[in-house]
Amino acid sequence: MTRVPIEGHIELDRGTYDALIAHARSDAPYEVCGLLATDGEGVAAHYEIPNAARSMTYYNMEPKALLRAMHDMEDRGWDLLAIYHSHPHTEAFPSATDVELAFYPDATYVIVSLQEPDQPTLRAFSIRNGDVTEKIVIVDGEEAPAGPR
Amino acid sequence: MSIDVRVPTVLREHTGGESKVTAQGSTLREVIYDLETRHPGLKERLVDDSGGLHRFINLYVNDEDVRYLGGIETPTEDGDTVSILPAVAGGSS
């Protein structure tokens, strides 16, 4: 498993955590993607965004759905918390493409891996100027299993 | 003629932190070049060396993706809103 320095954490509620994994499974083996918004206290909204690429190895959030979600957050006074996508066949770690195309340095990048179909893993990262650090995922106050790091 | 432009957080370093600015122009290209005179540095985030739109920047006129309108030559009218969003993309390989 790929390791990088750990810096900070992201807090999710169990419902959101489960919903991200369910979304990843819903269109496997294709990659799914979406956004989480925060009201400063917790996850305020979960936006599933269609993958315009409908690919097993690539995602590109459908531009109009992306715009609607971003405007919705802004209109409600929420902030972008996380950008997530699934890796149907590989580990929950940012690929070279993920790093190259990470245009939101303030967001947490969440990746759901279905590499082990019965044991999905969810890991979280910051990607800034090509540098990747990992964030501990805390679900309802407890550290979520990320698999051996 | 005044066009409203919604600027994403990641580009607000060029607008002094403003999320909404205004610009002039009868096409998206003119709006972008006018924006550059008011907010230097924005244009190169939107337009590539050949003068086209960057592949991983989404631009919208009145919430419509300009890829399905006229691209950088999409006409703009007084009161239109231009929105800018970096693409959200990646992949597992």
Side-chain angles (χ1 to χ4, degrees), chain A residues 24 29-31 33-35 47 49 51-53 55-71 73-75 79-80 82-107 109-115 125 127-128, chain B residues 3-22 28 31-32 41-48 52-74 76 79-93:
Chain A
Y30 297 103
E31 292 200 12
C33 50
L35 304 173
Y47 304 88
I49 310 286
N51 178 3
S55 161
M56 290 185 268
T57 56
Y58 183 70
Y59 79 98
N60 185 4
M61 290 195 185
E62 198 282 307
K64 282 186 74 168
L66 173 64
L67 183 74
R68 276 196 298 273
M70 292 292 200
H71 281 181
M73 280 180 222
E74 198 163 302
D75 293 345
D79 292 317
L80 176 63
I83 291 169
Y84 75 89
H85 73 288
S86 61
H87 283 181
H89 305 292
T90 56
E91 69 170 311
F93 190 82
S95 67
T97 310
D98 289 332
V99 174
E100 183 187 346
L101 300 181
F103 300 122
Y104 290 80
D106 296 331
Y109 282 83
V110 168
I111 301 175
V112 177
S113 169
L114 302 178
Q115 190 174 26
F125 304 88
I127 309 175
R128 291 193 172 103
Chain B
I3 312 294
D4 293 323
V5 181
R6 293 184 74 154
V7 181
T9 312
V10 288
L11 296 183
R12 289 179 197 162
E13 63 188 275
H14 300 292
T15 61
E18 293 295 319
S19 61
K20 287 182 186 173
V21 297
T22 57
L28 182 57
V31 168
I32 291 170
L42 259 185
K43 180 169 73 71
E44 73 176 54
R45 305 289 293 269
L46 308 179
V47 177
D48 63 22
L53 293 173
H54 272 305
R55 183 176 164 207
F56 291 107
I57 283 281
N58 297 328
L59 279 141
Y60 311 81
V61 172
N62 298 333
D63 296 354
E64 292 296 327
D65 184 347
V66 301
R67 291 183 186 86
Y68 301 102
L69 299 173
I72 198 168
E73 307 301 343
T74 299
T76 50
D80 281 354
T81 297
V82 168
S83 300
I84 306 168
L85 276 183
V88 185
S92 54
S93 64

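Labels below follow one simple rule: chain letters A, B, ... track the order of the sequence lines, proteins then strands, and each chain is numbered from 1. Hydrogens, waters and symmetry mates are skipped; everything else that's a heavy atom, side chains included, is used.
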Novice: What part of A:Glu91 lies closer than 4.5 angstrom to a heavy atom of chain B: side chain, backbone, both or neither?
Specialist: neither
Novice: Select one option (side chain, backbone, both, neither) describing which atoms of A:Thr90 are under 4.5 Å from chain B's heavy atoms.
Specialist: side chain
Novice: With a 4.5 angstrom heavy-atom cut-off, is it the side chain or the backbone of B:Val10 that approaches chain A, or both, or neither?
Specialist: side chain
Novice: Any side-chain heavy atom of A:Tyr104 within less than 4.5 Å of one from B:Thr9?
Specialist: no
Novice: Would you indicate whether B:Glu13, at its atom CD, is surrounded by more than 12 heavy atoms from other residues, nucleotides or ligands within a distance under 6.0 Å?
Specialist: yes
Novice: So which residue, A:Asn60, A:Asp79, A:Asp106, ends up with the most heavy-atom pairs under 4.5 Å with chain B?
Specialist: A:Asn60
Novice: With sequence neighbours excluded, tell me which residues meet side-chain contact (heavy atoms from CB on, under 4.5 Å) with A:Phe103.
Specialist: A:Leu101, B:Phe56, B:Pro86
Novice: Please examine the side chains of A:Leu67 and B:Asn58, heavy atoms only from C-beta on, and report whether any two atoms are closer than 4.5 Å.
Specialist: no
Novice: May I ask you to name which of A:Leu66, A:Val99, A:Ile111 has the most heavy-atom pairs under 4.5 Å with chain B?
Specialist: A:Leu66
Novice: Would you call B:Ser83 and A:Met70 a side-chain contact if the rule is heavy atoms closer than 4.5 Å?
Specialist: no
Novice: In terms of heavy-atom pairs under 4.5 Å, which option from A:Met56, A:Lys64, A:Glu100, A:His71 contacts chain B the most?
Specialist: A:His71
Novice: Can you name the nearest heavy-atom pair linking A:Asp75 to B:Arg6, along with the distance?
Specialist: OD1-NH2, 3.6 Å
Novice: Does A:Ser95 reach the main-chain N or O of B:Gly91 with its side chain, forming a donor-acceptor pair under 3.5 Å?
Specialist: yes
Novice: Given a strict heavy-atom distance threshold of 4.5 Å, which part of B:Asp63 is in contact with chain A: side chain, backbone, both, or neither?
Specialist: both
Novice: Determine the option with the most heavy-atom pairs under 4.5 angstrom with chain B, choosing from A:Tyr109, A:Tyr59, A:Phe93, A:Tyr58.
Specialist: A:Tyr59
